[in-house]
Amino acid sequence: MKEEKLETPYFLLHEEKLERNILELKAALKVYWNNYEIGYSCKTNSTPWIMKYMKKYDIKMEVVSDNEYLLAEKVGYKNKEIIFNGPNKGKKIFKRALLNGGYINIDSLNEVEWLEEIDSNLLEEVEIGIRVNFDLEKDCPNETAYLKDGSRFGFSYENGDVLKVIERVNKLNNIKIKGLHIHNTTKTRSIRAYESICKCACKIAINLNYTLKYIDIGGGFFGGVPGKTTFNEYLERISTVLKTTFEISKTKLIIEPGSALIGSPIDFVCEVIDVKDTFAKRIVTVNGSRNLIDPFFMKNSYFYNLVIKDDRKIKKEQIICGYTCLDNDRLMRLENNQELKRGDIIIFEKVGSYTITLSPLFIEYFPTIYVKKKDNEIICVREKWSIEEFLQKQIF
Ligand SMILES: Cc1ncc(COP(=O)(O)O)c(C=O)c1O
């Protein structure tokens with residue numbers, strides 16, 4: 001398949017960039033904490049080809065629902081290769097993960113009750129982790145999403161719940177809490193946040209009279225974006241703090257990157273389908289939508305490239321709009337740029353995280369996903385959806 005011949009709109013994953021992100025992350029982990037696991041955050045982009053690709057690099061799959069768990073299994077992950085997180089676990093799959101040696105990080109009290117029920121059925125001891133909720137905002141003012149309201153996940157460090165739950169679970173015959181999970185996404189993705197997360201892990205660990213098997217610091221890193229914090233910079237700080245309490249040989253470091261691996265390698269390619277002027281502005285409509293590349297409608301700028309084949313006048317202002325009938329489906333404002341015409345291509349870059357998994361089936365259906373392999377071959381890894389796929393399971 002030739003890139004120029006592909007029908008727009010489509011997502012294009014560059015294998016070379018994805019591999020580079022993975023190898024850079026692994027290299028940093030090797031230098032700073034050479035006893036690690038990477039659990040790719042499935043929700044960030046659960047395209048099955050991508051999930052399978054991660055497996056080739058010995059990356060585990062981090063999932064937060066039964067459906068994601070089953071998807072990971074379908075793609076080829078064994079229970080031991082899945083990290084089961086989140087407040088939306090189902091009891092049956094929870095039990096399956098527990099009995100088959102998967103990583104489980106409990107997040108709520110109902111899971112503690114399930115553990116109490118299951119304990120007597122276990123023939124040998126299983127080790128699990130617990131999600132910790134702590135006041136990150138105190139150490140990193142204005143960096144967290146919910147400021148003084150705090151995160152909603154896990155058991156509270158400050159009110160003592162986390163230690164109480166650890167004690168309660170450890171009283172069981174065959175189940176022990178041997179891991180801490182302390183994911184927090186900050187608005188800043190700063191090193192300071194990881195410093196604070198690691199300090200919290202150290203503070204909890206010194207209350208325990210045994211060695212923790214793993215510290216899972218979650219995701220939320222930058223990756224593959226020039227000028228942003230690098231994996232080496234994050235891991236240098238993380239290891240410095242963790243080493244105050246943990247030994248590399250005894251405690252594994254788990255990290256769960258999503259955006260840092262899959263954000264930067266994916267482009268969205270769309271085409272101008274109409275250009276017109278209103279009393280106010282030049283409106284340029286494309287066959288893409290903000291729903292596809294900014295489903296939270298929060299971005300105020302993009303990395304982008306225009307593919308224009310001839311010479312053009314410079315236009316002071318052009319508003320790039322999506323195909324939907326939402327008036328706010330406006331992708332960006334181009335200022336002092338070449339005047340766009342029908343057929344011109346706009347490539348939005350670094351749009352691989354929380355886009356494909358969050359796009360709605362609104363007006364148009366899912367677009368094609370292609371992968372550009374390292375040898376430049378282009379393969380299709382998801383065909384575009386038509387009404388055939390939309391009509392699955394509909395009754396009318
Ligand atoms: C538990 C957990 N791990 C990992 C991630 C991945 O985060 P990111 O895509 O920012 O790396 C998330 C995202 O919310 C998460 O909730």
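One is the number of the first residue; the rest follow in order along the sequence. As the structure lists them, so they are numbered: ligands from 1, and atoms in each ligand from 1.
- Looking only at atom types and distance, the side chain of D267 has a donor-acceptor partner in the side chain of H14 under 3.5 Å away.
- Both L13 and I293 belong to a single network of hydrophobic side chains, linked directly or stepwise wherever heavy atoms of I, L, V, M, F, W or Y lie under 4.5 Å apart.
- Within 6.0 Å of the NZ atom in K299, the count of heavy atoms belonging to other residues, nucleotides or ligands exceeds 12.
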Check: every ligand 1 N/O to protein N/O pair under 3.5 Å:
residue, atom, partner, partner atom, Å
ligand 1, 3 (N), E256, OE1, 2.7
ligand 1, 7 (O), G220, N, 3.4
ligand 1, 7 (O), Y354, OH, 3.4
ligand 1, 9 (O), T44, OG1, 3.4
ligand 1, 9 (O), S259, N, 2.9
ligand 1, 9 (O), S259, OG, 2.9
ligand 1, 9 (O), Y354, OH, 2.6
ligand 1, 10 (O), R189, NH1, 3.0
ligand 1, 10 (O), R189, NH2, 3.3
ligand 1, 10 (O), G220, N, 3.3
ligand 1, 11 (O), G220, N, 2.9
ligand 1, 11 (O), G258, N, 2.9
ligand 1, 11 (O), S259, N, 3.4
ligand 1, 16 (O), H183, NE2, 3.4

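- For D327, the side-chain hydrogen bond (donor to acceptor under 3.5 Å, both in side chains) test picks out R330, with sequence neighbours left out.
- E68 and S65 share no donor-acceptor pair across their side chains, judged by distance under 3.5 Å alone.
- Ionic pairing of E317 and K281 is present here: one or more N-O contacts between side-chain nitrogen and carboxylate oxygen are shorter than 4.0 angstrom.
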